[in-house]
Asker: 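Following this message is one structure expressed as structure tokens.
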Amino acid sequence: MLKVLIVGGVAGGATAAARLRRLDEQAEIILFERGEHISFANCGLPYYIGSVIEERGELLLQTPESFHARFNVDVRVFSEVTAIHPAEKTLEVKNLQSGGIYTESYDKLILSPGASPILPALPGVNLPGVFTLRNVADTDSIKQFIEKNHPKTAAVIGGGFIGVEMAENLKHAGLDVSIVEMSEQLIPPLDYEMACDVHSHLRRNDIHLYLNNGVKGIGKTQNGLAIQLDNGEIAADLLIMAIGVRTESGLAKSAGLKTNERGGIIVNEHMCTSNEDIYAAGDAVEVFDFVTGQPGMIPLAGPANKQGHIAADNICGIPSRYKRTQGSAVLKAFDMTAASTGINEKTAKRLGLNYDKVYLWLAGHAAYYPGSKSMSLKVVFEKDSGKILGAQIVGFDGVDKRADVLATAIRAGMTAYDLIDLELCYAPPFSSAKDPVNMAGYVIQNVLQGLVKNFHWHDVDKLPRDGSVTLLDVRTPGEVRAGKIAGFVNIPLDDLRTRMREFDKSKPVYVHCHSGLRSYIAARILMQNGYEVYNLSGGYRLYQAVMDNHAHV
């Protein structure tokens, strides 16, 4: 009879246990978890703190008792595995309630230790009122602190997914909230200009942002905490440290398993470690990027579930393979949604890829149907082939489904031409006859076929204002009165054909509108009349979003 031990529950470990049982009814399966809970909705923890999820029990997907009843798995909570002895194929386990230590043997072992929040070595990080968020116990501590102490202000250190989700939910809990982030932007998978829309939306919802600002220390005051920043100081009654996670791979290293420089457990495509009897899954394993093939650490719930499933398959003789991680992720920031998949421009530039990019500003569903709001899309693609490398979307309704379609397109190796051919569901409440995904394909096709040449938001301020180029704004006069880019002359698109002769054909024309659509039409008119033209991809709207963000720095 096969005996499998699993270290760690939640996504990878619990999934592996359930899959093992479905494949082998006779196997002995023991799952060790040093905490109280083996399967909980860790992505839902911030929403319980904000009372969006009202019942704590909703977070507990399986209890040890229910997991044993359904899957016949011996679940041992409050059990910390302290050592692995690969030669003997045994574990040492400490019962955290009794203090007793015992040995357990295995035929196969699955490691799913996950990752823990990073707590930097700063003065004051252990003061009362300073928390991290990893598990249900952390959630309970934060919730109880709020209910007992009635804090009025909170600070979140770190602007990643957990940081932004915590800021929103602390706001829902009635606190005045600040986010402190060392870099120039929140949400690292987004490129800077795409994050600017999120920054603006958070500010509109009264979240205070301190960007380009690190934390030097935390002090105790009579009324709460004083947080010393690289530039200034803020006060808070409650502090959440959300600066990232560190893999918990100490057991693997001590057992002699191969790890990378960041501590990630090295596994093959079958999720097997450097020891043929030990598998690993989840946040602690090294993965390879689907687009670039580069190794890295990408702690996401979806990949962890797949990896646990694949490890179980291979232990039971099914040669399943993990086909790399794409990094698809989505974030709720109040009523705004931000999503990304594949690689961003920062990565493409760092790796020296031959890439290009386009920006679009399109309605989530038919503009004439009530409630339509626009979304901002950025698509990174291979310059020669048009193959989609990555996409980012920030907006409101329909962001997630467009990101999912583009994630599927990347996984399938599709090009811009394939996006055009996709037949996607359409009715006015849900989309447009030419869906934003189709439109992304058309816009990239125009670039690939030379129908338009683009310039971008970061090029605008570098353009000469000495008359050597023509700077053209084809928006309406009303739009121009609401805001304009210095140096651009306004000629509305519908007047362009009768006034184009005012331009010197020997000078390049740089044209913009609000979103990039009307200026594309203007570019086609001018190009076919002998002008050299460049269109501002993403238009004035994107440029102004970045400038507004600069104004707050």
Asker: For the pair H199 and L211, evaluate side-chain contact (heavy atoms from CB on, under 4.5 Å) and give the outcome as yes or no after the intermediate values.
Answerer: CA-CA 10 Å; H199 299 169; L211 305 177; 3.7 Å; yes

Asker: So with a 6.0 Å cut-off around CZ of R524, is the heavy-atom count from everything else above 12?
Answerer: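 Yes, enclosed.
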
Asker: Count the heavy atoms of every other residue, nucleotide or ligand shown that sit under 6.0 Å from NZ of K332, and state whether that count exceeds 12.
Answerer: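 It does: K332 NZ has more than 12 such atoms within range.
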
Asker: With a 4.5 Å cut-off on side-chain heavy atoms, are K378 and V394 touching?
Answerer: no

Asker: Rounded to the nearest 0.5 Å, what's the gap from CD on E382 to CD1 on I388? Could you check?
Answerer: 10.0 Å

Asker: How long is the straight-line distance from CG of D356 back to CG of L448, given to the nearest 0.5 Å?
Answerer: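 Reported to 0.5 Å precision, the distance equals 8.0 Å.
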
Asker: Within a strict 4.5 Å, meaning less than it, do heavy atoms of the L362 and R402 side chains meet?
Answerer: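 No, too far: nothing below the 4.5 Å cut-off.
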
Asker: Begin with the C-alpha distance, continue with both residues' side-chain angles, and end with the deciding distance and a verdict on side-chain contact (heavy atoms from CB on, under 4.5 Å) for R541 and S376.
Answerer: CA-CA 10 Å; R541 192 218 68 83; S376 180; 3.4 Å; yes

Asker: With the side chain counted from C-beta on, respond yes when L472 and L496 share a heavy-atom pair under 4.5 Å apart, and no when they do not.
Answerer: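 Yes, side chains in contact.
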
Asker: If you measure from CG on L239 to OG on S178, what distance do you get to the nearest 0.5 Å?
Answerer: 10.5 Å

Asker: Report yes if some heavy atom in the side chain of T470 is under 4.5 Å from a heavy atom in the side chain of Y531; otherwise report no.
Answerer: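 When only atoms from C-beta onward are counted, Y531 and T470 do not touch, as no gap falls below 4.5 Å.
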
Asker: In the structure I gave you, are the side-chain heavy atoms of V164 and L331 within less than 4.5 Å of one another anywhere?
Answerer: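 Touching, per the 4.5 Å side-chain cut-off.
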
Asker: Tell me if the centroids of the rings in H550 and Y192 come within less than 6.0 Å of each other.
Answerer: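 Ring-ring flag for H550/Y192: true, centres closer than 6.0 Å.
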
Asker: Between D495 and T498, does any side-chain donor sit less than 3.5 Å from a side-chain acceptor?
Answerer: no

Asker: Does atom CE of M182 have more than 12 heavy-atom neighbours, drawn from other residues, nucleotides or ligands, at distances under 6.0 Å?
Answerer: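 No, CE of M182 has 12 or fewer neighbouring heavy atoms, counting only those of other groups under 6.0 Å.
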
Asker: Between H456 and E193, does a side-chain contact (heavy atoms from CB on, under 4.5 Å) hold up when you go through it step by step?
Answerer: CA-CA 11 Å; H456 298 287; E193 67 278 15; over 6 Å; no

Asker: Under 6.0 Å from the six-membered ring centre of Y355 and within 45° of its axis: does the NZ or CZ of K383 meet both?
Answerer: no

Asker: Using only heavy-atom distances, determine whether the side chains of S183 and E181 contain a donor-acceptor pair under 3.5 Å.
Answerer: yes

Asker: Would one find more than 12 heavy atoms of other residues, nucleotides or ligands at under 6.0 Å from atom CZ of R465?
Answerer: yes

Asker: Step through it carefully: locate the ring centre of H365, locate the ring centre of Y426, and say whether they are under 6.0 Å apart.
Answerer: no

Asker: Decide if atom CZ of R481 counts as having more than 12 heavy atoms of other residues, nucleotides or ligands within a radius under 6.0 Å.
Answerer: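 Result for CZ/R481: open.
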
Asker: With a cut-off of 6.0 Å (strictly less than), are more than 12 heavy atoms of other residues, nucleotides or ligands near CD of E502?
Answerer: yes

Asker: Please verify the inter-ring angle class for F334 with H172; under 30° counts as parallel, over 60° as perpendicular, anything in between as tilted.
Answerer: perpendicular

Asker: Drop me the distance from R203's CZ to L209's CG, to the nearest 0.5 angstrom.
Answerer: 4.5 Å

